[in-house]
Amino acid sequence: MNVKQTLGGLMSVAGFIGVIFFGFQYLDDSESFSILGADVAVSTGDVVPILISLIILIVGVVIYRSE
């Protein structure tokens with residue numbers, strides 16, 4: 001296992017953990033209310049950390065898989 005594969009693996013794991021952590025945080029920041037009997041949920045969370053973690057995950061997988 002060379003340095004590129006180690007770096008790619010670490011980035012993939014960190015990105016995956018970030019997506020899960022920030023995803024739960026995003027879901028916690030949502031508010032729900034009822035309008036005419038329908039339950040409506042509105043999220044006030046920030047999507048940017050999830051997207052950055054997803055990009056890090058994808059880049060890590062690409063680095064790990066490249067030869």
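Values below: all heavy atoms of this structure, side chains included; hydrogens, waters and symmetry mates excluded. Everything numeric in this text was worked out from a predicted model, so none of it was measured.
- Hydrophobic clustering of Ile, Leu, Val, Met, Phe, Trp and Tyr side chains at less than 4.5 Å, counting indirect connections, keeps Tyr64 apart from Val13.
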Table please: side-chain donor-acceptor pairs of residues 16-25 below 3.5 Å, with sequence neighbours left out.
none

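- Remark: Ile52 pairs with Val48, Ile56 by the side chain to side chain contact (heavy atoms under 4.5 Å, CB included) rule, at least two apart or across chains.
- Here the closest non-hydrogen pair linking Ser12 and Leu57 is O-CD1, 3.1 Å.
- Here CG of Leu51 is found 9.0 Å from CG of Asp46. Values are rounded to the nearest 0.5 Å.
- Interatomic distance, CG of Asp29 versus CD of Glu31, reported as 9.0 Å (0.5 Å rounding).
- When the side chains of ILVMFWY residues are joined at heavy-atom separations under 4.5 Å, either directly or via intervening members, Ile55 and Met11 end up in a single hydrophobic cluster.
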